[in-house]
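As structure tokens, the structure follows; a few thoughts come after it.
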2 protein chains.
Amino acid sequence: MAKPIKHILRKKAIFKVNGSLWIECEGNRFFGPGPVELLERIIDTGSINQAAKQMKMSYKKAWEIIHVLNEHSAHPVVIMQSGGQRGGGSLITKEAIQLINYHRSLRKRFKKFLENETEKLSF
Amino acid sequence: MAKPIKHILRKKAIFKVNGSLWIECEGNRFFGPGPVELLERIIDTGSINQAAKQMKMSYKKAWEIIHVLNEHSAHPVVIMQSGGQRGGGSLITKEAIQLINYHRSLRKRFKKFLENETEKLSF
DNA sequence: TTTCGTTATTTCTTATAAAATATAACGGTT
DNA sequence: AACCGTTATATTTTATAAGAAATAACGAAA
């Protein structure tokens, strides 16, 4: 069992072990919480533009995220269409849904890890 | 068991689950890999200035890291002295050593977590 | 009192990232 | 052909972070 370090830290202050998680390909990360939320909002709105606006993200950045996602996937996760009756739109594939589900379960496990480590700080 | 997602990702590319970890106090992080290495180099050199140079970090940034560390600790982790025969110097307390050891064990556990998750990607 | 290399602090400059802006292309409908 | 709202892309501007540089303070020793 690791030694607790709470006695070293300032009293009356709340300390937490926290972190971030992502999937990377050859060193550069391409899938994390941001892209997941973007995919979810594309489901709702049917448009990269609308999804980006909801997240207060520039269209450009949203487009880049999607672009990288598609690049790293065996099959596209977002189908984009420009032009047409309503100007176009985007929709996600079943692979995207699987990615979302995977990420949810991954985050659950990570959350547990962090909570466990935060407890260890004190005891 | 979570569904694997490898079949979704691009072939012939190596994917990894990776992340970063830190301790935070009321929302702002103050202790991670950087500060640990800095402490270690202060042990070796006896000087914030030398330690910063080894890490190709500005003295200012190093000083700020140490400052925040001391601020969040019940007792200082680095004792700094300016002036004197050789201009001064810094040395770390036993609390700092405990912090270093804690962080090492924490990173070990995190590494294991990440490796486990990376395996899960494929199977 | 001068010297030394460090700590301590401010200011200025540079580099990087993010955001905003502008413009073109698209294609179904009217 | 004109219109629409989207995708697609380049350019410019802004904001933020990082870095460099400059200067003062420190105090033991010679």
Side-chain angles (χ1 to χ4, degrees), chain A residues 20 22 24 27-35 37-73 75-93 96, chain B residues 20 22 24 27-73 75-93 95-96:
Chain A
S20 67
W22 61 86
E24 66 183 31
N28 34 350
R29 60 182 83 175
F30 78 100
F31 191 64
E37 189 181 346
L38 193 58
L39 287 177
E40 289 171 333
R41 293 188 189 265
I42 291 174
I43 297 177
D44 294 341
T45 60
S47 149
I48 294 178
N49 197 26
Q50 297 292 323
K53 270 177 187 159
Q54 283 189 3
M55 291 178 70
K56 280 162 188 168
M57 176 189 292
S58 69
Y59 169 83
K60 186 189 176 187
K61 187 172 181 181
W63 182 87
E64 284 170 347
I65 288 173
I66 300 300
H67 184 70
V68 170
L69 266 181
N70 278 343
E71 244 185 355
H72 286 89
S73 301
H75 297 290
V77 293
V78 178
I79 307 290
M80 300 175 265
Q81 179 133 4
S82 74
Q85 185 171 14
R86 296 204 185 95
S90 298
L91 52 92
I92 72 172
T93 64
Chain B
S20 66
W22 60 86
E24 66 184 32
N28 35 349
R29 60 182 84 175
F30 79 100
F31 191 64
V36 171
E37 189 181 346
L38 193 58
L39 287 178
E40 289 171 332
R41 292 187 190 266
I42 291 173
I43 297 177
D44 294 341
T45 60
S47 150
I48 294 178
N49 197 25
Q50 298 291 324
K53 271 177 186 157
Q54 284 190 2
M55 291 179 70
K56 279 161 188 171
M57 176 189 292
S58 68
Y59 168 82
K60 185 191 175 185
K61 187 173 182 182
W63 182 88
E64 284 170 346
I65 288 172
I66 300 300
H67 183 70
V68 170
L69 266 181
N70 278 343
E71 244 185 356
H72 287 88
S73 301
H75 298 290
V77 293
V78 178
I79 308 289
M80 300 176 266
Q81 179 133 4
S82 74
Q85 185 172 17
R86 296 203 185 96
S90 297
L91 52 90
I92 73 171
T93 65
E95 281 83 8

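Chain letters run A, B, ... following the sequence lines, proteins first, then strands; residues in each count from 1. Atoms considered below: every heavy atom in the structure, side chains included; atoms not considered: hydrogens, waters and symmetry mates.
- The residue Gly89(B) sits close only to the backbone: its heavy atoms come under 4.0 Å of sugar-phosphate atoms, none of a base.
- Ranking dA29(D), dT6(D), dT6(C) by closeness to the Gln85(B) side chain, first place goes to dA29(D).
- Nearest-nucleotide positions on DNA chain D place Gly84(A) closer to the 5' end than the other of Ser47(A) and Gly84(A).
- Protein atom CD of Gln54(B) is 12 Å distant from nucleotide atom P of dT6(C), rounded to whole Å.
- Checking the phosphate oxygens (OP1, OP2) of dT6(D), a side-chain nitrogen or oxygen of Gln50(A) falls inside 4.0 Å.
- The CG atom of Asn49(B) sits 13 Å away from the C1' atom of dC4(C) (whole-angstrom rounding).
- No donor-acceptor distance shorter than 3.5 angstrom exists from the side chain of Ser90(B) to the backbone of Val78(B), with no hydrogens or angles considered.
- Considering all non-hydrogen atoms of both residues, Arg41(A) and Gln54(A) come closest at NH1-OE1, 2.9 Å.
- Enclosure of atom CD in Glu64(A) by more than 12 non-hydrogen atoms of other residues, nucleotides or ligands within 6.0 angstrom is indicated.
- Where Gly87(A) and Lys53(B) meet DNA chain C, the nucleotide closest to each residue was compared, and Lys53(B) sits on the side nearer the 5' end.
- Protein atom CE of Met80(B) is 8 Å distant from nucleotide atom C1' of dT7(C), rounded to whole Å.
- Of the side-chain N and O atoms in Ser90(A), none sit less than 4.0 angstrom from OP1 or OP2 of dT6(D).
- As a whole-Å value, the separation of Arg86(B) CZ from dC26(D) C1' is 17 Å.
- Contacts between residues 58-73 of chain B and DNA chain C, defined by a heavy-atom separation below 4.0 Å, involve Tyr59(B), Lys60(B), Trp63(B), listed by number.
- Between the CD1 atom of Ile48(B) and the C1' atom of dT9(C) there is a distance of 13 Å, rounded to whole Å.
- Spacing between atom CD1 of Ile42(B) and atom C1' of dT7(C) amounts to 12 Å, rounded to whole angstrom units.
- Here dA18(D) presents its C1' atom at 17 Å from NZ of Lys56(B), a figure rounded to the nearest Å.
- Annotation: Glu71(B), atom CD; neighbour count of heavy atoms from other residues, nucleotides and ligands within 6.0 Å is above 12.
- Between the side chain of Asn49(A) and the backbone N or O of Tyr59(A) there is no donor-acceptor pair closer than 3.5 Å.
- Under a 3.5 Å cut-off, the side chain of His72(B) and the backbone N or O of Val68(B) do form a donor-acceptor pair.
- The two residues Thr45(B) and Ala51(B) have their closest heavy-atom pair at OG1-N, 3.7 Å.
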